[in-house]
Structure formats: C-alpha cells, structure tokens
Amino acid sequence: MKSVTRILGIDPGLRCTGWGVVMVDQGRLQHISHGVIRPDPSDCDADRLTVIYQELLSVINETHPDIAAIEEIFVAKSAHSALRLGMARGAAILACGVARIMVNEIAARAVKKAVVGTGIASKEQVQEMVLRLLQVRAKNEDAADALAIAIAASNDAGKPADISVKSSHAKLDDPLSKAISLALARDDAKHRGKK
C-alpha cells in the first residue's frame with residue numbers, strides 16, 4: 001500500500017454535482033481541489049448527464065485520484081427524486097469506471113459521523129469541520145459535501161474493499177483521527193493566541 005493516496009469525493013445531483021479531491025499523506029489530510037458541475041437547467045436530462053460525465057472525467061484527468069467515493073442513494077422526498085439522483089450517480093460512476101478508478105459508496109449518515117462525530121450533523125456543522133480539517137472554505141454545500149465524502153473515505157483510502165467508516169472511538173493511528181486531532185489542536189492554538 002502506498003503512503004500517499006488521492007481520493008475523489010462525489011456528491012451527485014442533476015442540478016449540481018459537487019466534487020472534491022483530498023490527499024492522505026502519512027495520516028495528514030490535504031485539500032487538492034474542489035468544485036461544482038452545474039448543467040444548464042433548461043437542458044434535457046440526457047444533456048445534463050452528458051455534462052456531468054464529461055466534466056467529472058475532466059476533473060479525474062486533472063487531479064489523478066486513486067479512488068473515488070460517492071454518497072449512497074436514499075429516497076428522501078419521492079421515488080421520482082431518487083430516480084433523478086440515481087441518474088446523476090450513474091453518470092458519475094460511469095466517469096470513474098471509464099477512468100478505471102474504483103468507486104466506493106458511503107451513506108450520508110456515515111459521512112456526517114466520520115467528519116463531525118454524529119450522524120445527525122447539520123450541513124453547517126459539516127461545512128465547519130471541512131474548513132477545520134482542510135483549511136479551505138468550499139464553494140457551496142455540494143462541494144463541501146463532496147469534500148466530506150472524500151474525508152470520510154480516507155479512513156480506508158488504501159484498501160480495495162468497500163468503505164467502512166470507523167466509529168468515533170477509532171484509534172488515533174488511523175488517518176482521519178490523526179487529521180481531526182491535528183486540525184482541532186491547530187484551531188485551539190489559534191484561539192488561544194487571540195486571547
């Protein structure tokens with residue numbers, strides 16, 4: 001297993017697909033890049049899916065991730081919404097498949113628990129922890145969610161199996177726990193310096 005791994009996190013959607021790439025280097029998380037893919041809302045679904053596929057493939061070619069992680073599908077509002085989300089997920093997974101990148105799924109609650117410490121964290125709490133861990137403010141909620149997915153996936157970044165997010169009681173020798181500890185210590189030091 002190599003010591004440096006790049007992870008692409010994907011938060012799919014037909015209106016806005018967030019993406020974020022982080023690097024794990026000996027237990028340290030580093031922001032590489034992030035952004036959003038916004039197909040024209042007046043386009044038909046086929047054209048929107050083409051935009052998601054092509055732009056995500058460009059992101060992959062520019063950032064060279066080793067693995068990808070995507071949020072699991074869930075039925076929130078309606079079956080129709082889930083179907084449309086599933087189409088966006090399919091386009092994103094296809095882009096990863098064409099690029100020969102393994103894709104793991106991770107549940108939204110598992111992402112929140114891994115990044116914030118609770119599976120019922122708010123969007124604001126997720127964004128705040130992404131800022132603390134990566135020292136970068138995401139462009140929007142979708143990009144922040146994608147970075148959070150990549151961070152959560154970093155627990156098992158070098159393993160070829162499905163992602164299994166460790167509990168908040170994980171040993172401090174796993175990469176995410178180390179990164180969180182370092183970020184919190186850095187934040188505490190900044191706050192003490194301001195007093």
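All figures in this text were calculated on a predicted structure; none of them were measured in a lab.
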For Leu57, the hydrophobic cluster (side chain heavy atoms closer than 4.5 Å, chained through members) also holds Tyr53, Leu94, Val98
Any donor-acceptor pair under 3.5 Å from [X] side chain to [Y] backbone:
X	Y	result
Arg6	Thr63	yes
Asp25	Arg28	no
Gln125	Ser122	yes

Do [X] and [Y] come close enough that some side-chain heavy atom pair is under 4.5 Å?
X	Y	result
Val22	Leu147	yes
Asp11	Ile149	yes
Val130	Arg137	no
Ile10	Cys96	yes
Val126	Lys112	yes
Gln127	Glu141	yes
Met102	Asn104	yes
Pro39	Asp47	no

Atom [atom1] in [X], atom [atom2] in [Y]: separation rounded to 0.5 Å?
X	Y	atom1	atom2	value
Thr5	Ile67	OG1	CD1	7.0 Å
Asp45	Leu14	CG	CG	5.5 Å
Trp19	Leu8	CH2	CG	8.0 Å
Cys16	Asn140	SG	CG	4.5 Å
Leu83	Met87	CG	CE	5.5 Å
Arg84	Leu49	CZ	CG	8.5 Å

Verify side chain to side chain contact (heavy atoms under 4.5 Å, CB included) between Asp66 and Ile7, making sure each step is shown before the conclusion. CA-CA 6 Å; Asp66 299 297; Ile7 305 162; over 6 Å; no
Any idea which heavy atoms bring [X] and [Y] closest together, and the distance?
X	Y	result
Arg48	Pro41	NH2-O, 2.6 Å
Ala146	Gly20	CB-N, 3.6 Å
Ala153	Ile106	N-CD1, 4.4 Å

Below 4.0 angstrom, N of the basic side chain to O of the carboxylate: do Arg89 and Glu71 qualify? no
For Val136, which residues count as a side chain to side chain contact (heavy atoms under 4.5 Å, CB included) partner, sequence neighbours excluded? His31, His34, Leu134
Derivation of the side chain to side chain contact (heavy atoms under 4.5 Å, CB included) call for Asp142 and Arg15: CA-CA 10 Å; Asp142 300 293; Arg15 288 187 189 141; over 6 Å; no
Lys123: which residues meet the salt bridge (Lys or Arg N to Asp or Glu O under 4.0 Å) condition with it, sequence neighbours left out? Asp145
Is there a path of hydrophobic side-chain contacts, each under 4.5 Å between heavy atoms of I, L, V, M, F, W or Y residues, that connects Val51 with Val36? no
Check each of Thr50, Leu56, Ile52 against Gln54 using the side-chain contact (heavy atoms from CB on, under 4.5 Å) test, and report the only one that passes. Thr50
